[in-house]
Student: 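One structure, pasted below without further comment.
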There are 2 protein chains.
Amino acid sequence: MTERPGDGHQHMHGAHGQEANLPAIDRRVARTRTKLERAFFHLMQEKGYDAVTIHEICDRAGVGRSTFYTHFTGKDDLKRRSLEYLRVELLESHARLKTTDDLRPFGFTLAMFEHARRHLPAYRALIGSEGLSVSLGSIRDILADLVRAELKGRGKADGRDTTVAFVVGAFMAVMTQWLDDGAKTTPAEMDTHFRRLIEHGVG
Amino acid sequence: MTERPGDGHQHMHGAHGQEANLPAIDRRVARTRTKLERAFFHLMQEKGYDAVTIHEICDRAGVGRSTFYTHFTGKDDLKRRSLEYLRVELLESHARLKTTDDLRPFGFTLAMFEHARRHLPAYRALIGSEGLSVSLGSIRDILADLVRAELKGRGKADGRDTTVAFVVGAFMAVMTQWLDDGAKTTPAEMDTHFRRLIEHGVG
DNA sequence: GGACGAAATGGACCTACTGTCCAGCATGCG
DNA sequence: CGCATGCTGGACAGTAGGTCCATTTCGTCC
């Protein structure tokens, strides 16, 4: 009803059309899915994940409630699939930077900060509701893998879980705090700050 | 007047009777509340916070469902009040240690690790369900205050929020990982490890 | 452009949980 | 011991999730 057409806002879902050789998705399906995802995304920002009901999502999307269940098995499914878009983009972003910037200690941080800022509304929606841990769990896992590889590569036999948890936990907390605060400083500044802390400690 | 320490059964609630000048609690009330809290505590460990229903809690406790609502406004209320016991004990524990051990960099960490291990079932229940952030939010806040004070006291003008988030986030992550893994190493070891990381970084 | 088949619809129906209320029972308190 | 207070169990209303199906709409493909 009040979807301004040409508004330039980011949302957490990306291109739908896989131009592969497969069946090719019916436009109706794509349209419906997109409507549901958008509605979900906005409602999540307004009220937080838990408070959003499927009924609301459908109302907002202008879609019949039974239609919802032909696309998603439930709210969690919708969330997971929406998060998937974030995840692949993050991985691509990291891969792109990795080639040019592989030397620095924890290469992933800058990519993350930038990715987070670019998708600020999405991240805010995820963080706002439950604290970061629930929704960003999969992102945390990705990071843990990166860090583990990094530590191992550095010859530090200290690829211990404790150290990995240390780095990832610290990073997620710093990023969350930054986003909560409106992401006022630049990603580069955050990156420098974080890297100093993680490399040399607070001492 | 805490629960007798010898009964081997730890739970997250402690003394009920405020022996102050106030009304003094009817035995029936104390009994019912305890039964509900115990049932809740166990169910939470079995299925996680979200999956536990009020009906279940009452069944397990052997208490009428309507009775539940004469004591708590809902599940969240029960959780919050149960958590309160943990919180005060943690503060006491810290205060006790503070007097003897004030010199070391981040004095709170050892107290936290020991407290966590002593109440391992409780912490596991809290962490297991949602990831740590939801239920342990209040503990995180306490820690943030301690760290902020610490950094300020150390003359480091860097009582910046980012640094506080860094320390607290790292600590919570390390502690969670440790508990998830069964708390195999001693609190003292964890303390040493963490303190080295936080002071000198991973470099 | 038209036929076909897949997708969308909305409403019926069931289950489960929350939260309120109340009349009657039982139990600790003074 | 008497009474106030707490406990009980069931009724009731509201909300949400999830399934099913007859009917309609509308892309797709020929």
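Just so you know, these numbers use all the heavy atoms, side chains as well, and skip hydrogens, waters and symmetry mates. Fair warning: this is a prediction, and the values are worked out from it, not measured in the lab. Residue numbers start from 1 in every chain, and the chains themselves are labelled A, B, ... in the order their sequence lines are given, proteins ahead of strands.
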Student: Could you tell me the separation between the CG atom of A:D59 and the P atom of C:dT9, rounded to a whole number of Å?
Tutor: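 Taking atom P of C:dT9 as the reference, CG of A:D59 is at 12 Å.
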Student: Return the set of residues passing side chain to side chain contact (heavy atoms under 4.5 Å, CB included) with A:T53 (not counting sequence neighbours), or none when no residue passes.
Tutor: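 Testing A:T53 for side chain to side chain contact (heavy atoms under 4.5 Å, CB included), a comparison that skips the adjacent residues, returns A:H55, A:E56.
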Student: Measure NZ/A:K47 against C1'/D:dT15 and give the value in whole Å, please.
Tutor: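 Taking NZ of A:K47 and C1' of D:dT15, I get 12 Å after rounding.
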Student: Between C1' on C:dG19 and CG on B:D76, what's the gap in Å once rounded to a whole number?
Tutor: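 Distance check: B:D76 CG to C:dG19 C1' gives 14 Å.
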Student: Tell me: CD1 of A:I57 to C1' of D:dA16, nearest whole Å?
Tutor: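 Checked: the CD1 to C1' distance equals 12 Å.
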Student: Could you pull out all residues at least two apart from A:F171 that satisfy ring-ring contact (aromatic ring centres under 6.0 Å, His included)?
Tutor: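 So A:F171 forms a ring-ring contact (aromatic ring centres under 6.0 Å, His included) with A:F108, A:F113, A:F194.
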Student: Any ion pair linking B:D161 and B:R148 (charged N to carboxylate O, less than 4.0 Å)?
Tutor: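 Looking at B:R148 and B:D161, the cut-off is met.
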Student: Side chains of residues 68-75 of chain A: which donor-acceptor pairs under 3.5 Å do they make with residues two or more places apart or in other chains?
Tutor:
from  : atom 1 : to    : atom 2 : distance (Å)
A:T70 : OG1    : A:T67 : O      : 2.6
A:H71 : ND1    : A:R33 : NH1    : 3.0
A:K75 : NZ     : A:Y49 : O      : 3.1
A:K75 : NZ     : A:D50 : O      : 3.3
A:K75 : NZ     : A:V52 : O      : 2.9

Student: With sequence neighbours left out, write down each residue that passes side chain to side chain contact (heavy atoms under 4.5 Å, CB included) with B:R28, or none if nothing qualifies.
Tutor: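 Listed in chain order: B:D26, B:R31.
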Student: Through what angle, rounded to 10 degrees, does the axis of the helix from C:dG1-D:dC30 to C:dG30-D:dC1 turn between its ends, using five pairs per end?
Tutor: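 That helix has its two terminal axes inclined by roughly 30°.
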Student: Restricting to side chain to side chain contact (heavy atoms under 4.5 Å, CB included), what partner residues turn up for A:S66, sequence neighbours left out?
Tutor: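 Here no residue qualifies.
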Student: Atom CG of B:D50 and atom C1' of C:dA16: how far apart are they, to the nearest Å?
Tutor: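 B:D50 atom CG is separated from C:dA16 atom C1' by 16 Å.
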Student: In whole Å, I'd like the distance from the CD1 atom of A:I25 to the C1' atom of C:dA7.
Tutor: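 That distance rounds to 14 Å.
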Student: Return no unless some side-chain N or O of B:R27 is found under 4.0 Å from OP1 or OP2 of C:dT27.
Tutor: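 For B:R27, the contact criterion (side-chain N or O under 4.0 Å from OP1 or OP2 of C:dT27) is not met.
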Student: Between C1' on C:dT15 and CD1 on A:I54, what's the gap in Å once rounded to a whole number?
Tutor: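 After rounding, the gap between these two atoms is 15 Å.
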Student: For D:dG18, take OP1 and OP2 only and decide whether either is under 4.0 Å from a side-chain N or O of A:Y69.
Tutor: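 Checking A:Y69 against D:dG18: at least one side-chain N or O falls below 4.0 Å of OP1 or OP2.
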Student: Determine the sole option in B:D76, B:L83, B:L78 for which the side-chain contact (heavy atoms from CB on, under 4.5 Å) test with B:R80 is passed.
Tutor: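 The option that passes is B:D76.
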Student: Rounded to whole Å, please give me the gap between NZ in B:K75 and C1' in C:dC17.
Tutor: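 After rounding, the reported distance stands at 10 Å.
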Student: Would you mind building the protein contact string for nucleotides 4-9 of chain D? One character per nucleotide, 5' to 3', B for base within reach (heavy atoms under 4.0 Å), S for sugar-phosphate only, - for untouched.
Tutor: -BSSBB
Student: Among all residues two or more places apart in sequence or in another chain, which pass the side chain to side chain contact (heavy atoms under 4.5 Å, CB included) test with A:Q45?
Tutor: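 So A:Q45 forms a side chain to side chain contact (heavy atoms under 4.5 Å, CB included) with A:F41, A:H42, A:P121, A:A125.
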Student: For A:R87, give me all partners under salt bridge (Lys or Arg N to Asp or Glu O under 4.0 Å), at least two apart in sequence or on another chain.
Tutor: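 A:R87 satisfies salt bridge (Lys or Arg N to Asp or Glu O under 4.0 Å) with A:E84 only.
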